[in-house]
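For reference, the structure discussed in these notes is given below.
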Protein chains: 2
Amino acid sequence: MQKEHSLSKNQKIIFDLIDKSGGPMKAYSILFNVQKKGIKAPLQVYRALDKLVEIGKIHKIESRNAFIACQNSSCQVSKATAFSICESCENVSEISNSKLLKYLSSFSDNSGMKYSKYNLEFFGLCKKCKSK
Amino acid sequence: MQKEHSLSKNQKIIFDLIDKSGGPMKAYSILFNVQKKGIKAPLQVYRALDKLVEIGKIHKIESRNAFIACQNSSCQVSKATAFSICESCENVSEISNSKLLKYLSSFSDNSGMKYSKYNLEFFGLCKKCKSK
DNA sequence: TAACGTTATGTAATAATATAACATTTATAA
DNA sequence: TTATAAATGTTATATTATTACATAACGTTA
Ligand SMILES: [Zn+2]
Ligand SMILES: [Zn+2]
Ligand SMILES: [Zn+2]
Ligand SMILES: [Zn+2]
C-alpha cells in the first residue's frame, strides 16, 4: 500500500485542473487557467508540477513539454512510464500493458548501468486520425 | 542500403561538432561553439538540428533538451531510439540491444493506435557513479 | 507551548529553449 | 534554362524553466 500524499493548496488546484482536462497540459496554459485562483507566477506552477511528478500523480510528456494526470493508479511512482501519442491530434494516453512494463522494468544489458527508471513514448496515429 | 545524405555546410559544421564531442550537446552550447564558423543565430542551429534528426544522423534526448550523434549506424532513421542516461554524471549512450529494439518495434496493443516511432529513455547510475 | 526543521508560498527578475516572419541564395533536376 | 525545392541569413519574439530572496504554514518533539 502506498503512502497517501496530502496535497497542498497549490498542488491540489493544479492537479485538479490537469486531471479534469483529461489530457496533457502545458505549464503556461495551466498558469493561465489558475490565475483566477490566485496562482500568479510560473514558479508557483512549476513547483507544484515538480512535486506532483515526484509523487507520481502526474507525468511529464517529455517530447511535448506537457503534463498529464496518471491514468494508471498503480503506477510505480513515476519510475516506469509509457505513453502513446498521436502525431496528428496530439492525443496522449498512458500505456498500462503489464507485459511491456514488466519487460522494461527488468531490462538490463552489459553496459554496467543500474537502471532505476524509464520513460517510453510511442508515436503514431490514433484510430480516428488513421481513418481520415 | 540507405540513401547517403550529403550534408549542407551548416549541417556538416554542426554534425561534426556534436559527433566529435562524443556526448549530448545543447542547442545554445552548439551555437556558442560554431560562432567562429559564421553561424550566428539560434535558428541556423535549430534548422540544422531538425534536418540532422530527420535523417537520423543525430537524436534528441528529450528529457535533456540535448542532441547526440547516432552511435548506431544501422539506426532506423530516428524511428526507434533508446538511450541510457546516468542521472549523476549525465553520461548518455544509445542502446543497441537488438532484442529490445525488436520487441518495441513490434509492440502493439488494443488501443487502435498504429505506432510508427518510439523513443525510450532509461535512467540510472553508470558503472563509475555507482561505485562512488 | 516553544523551538526547530521542513515544506510550501509569494514575488520579481532572468535564463534557457525554440519558433515566426521575411528576404535571399544555392542546389537539383526537368 | 527555368522552375522547384532546400538551405541560408537576419531580426524579432514566443515559450519553457530557473535563480534568488523573503515569508508563511506545518509537523515534530523538547
Ligand atoms: Zn502513471
Ligand atoms: Zn489522433
Ligand atoms: Zn541512432
Ligand atoms: Zn555516471
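In what follows, every chain begins at residue 1, and chains take the letters A, B, ... in the order their sequences are listed. Fair warning: this is a prediction, and the values are worked out from it, not measured in the lab.
Rounded to whole Å, the distance from NZ on K9(A) to P on dA24(D) is 14 Å. I39(A) places its CD1 atom 7 Å from the P atom of dG10(C), with the value rounded to the nearest Å. Atom CG of L7(A) and atom P of dA8(C) are 10 Å apart (whole Å). A straight line from CZ of F32(B) to P of dT17(C) spans 14 Å, rounded to a whole angstrom. Remark: P of dT7(C) and CD1 of I55(A) are 13 Å apart, rounded to the nearest angstrom. Between Y46(A) atom OH and dT16(D) atom P the separation is 7 Å, expressed in whole Å. Atom P of nucleotide dT16(D) and atom CG of D50(A) are separated by 16 Å, given to the nearest angstrom. For the pair I13(B) CD1 and dA7(D) P, the computed distance is 14 Å after rounding to whole Å.
Going from atom OG of S84(A) over to atom NZ of K114(B) covers 14.0 Å, rounded to the nearest 0.5 Å. Rounded to the nearest 0.5 Å, atoms CG (N10(B)) and CD1 (I14(B)) are 6.0 Å apart. Between the NZ atom of K127(A) and the SG atom of C86(A) there is a distance of 13.5 Å, given to the nearest 0.5 Å.
Remark: ring of Y28(A) not stacked against base of dT15(D); the cut-offs of centroid gap under 5.5 Å and plane tilt under 30° are not jointly satisfied.
Between dT9(C) and K51(A), no contact under 4.0 Å exists linking OP1 or OP2 to a side-chain N or O. Contact annotation: Q44(A) side-chain N/O to dT11(C) OP1/OP2 distance is not under 4.0 Å. Checking the phosphate oxygens (OP1, OP2) of dA17(D), a side-chain nitrogen or oxygen of N65(A) falls inside 4.0 Å. Proximity of S8(B) to the phosphate of dT26(C): no side-chain N or O atom is located under 4.0 Å from OP1 or OP2. Taking 4.0 angstrom as the limit, K40(B) places a side-chain polar atom (N or O) nearer than this to OP1 or OP2 of dT10(D).
Nearest-nucleotide positions on DNA chain D place N10(B) closer to the 5' end than the other of L43(A) and N10(B). Nucleotides of DNA chain C nearest to R47(B) and R47(A) differ in position, and the one nearer the 5' end is that of R47(A).
The aromatic ring centroids of F83(A) and F122(A) lie 6.0 Å or more from each other. For an aromatic pair to be called close, the ring centres must be under 6.0 Å apart, and Y118(A) with F123(B) fails this.
For F67(A), taking side-chain heavy atoms from C-beta onward, the closest of the listed nucleotides dA17(D), dT19(C), dT10(D) is dA17(D).
Backbone-only contact: K60(B) has heavy atoms under 4.0 Å from sugar-phosphate atoms and none from a base.
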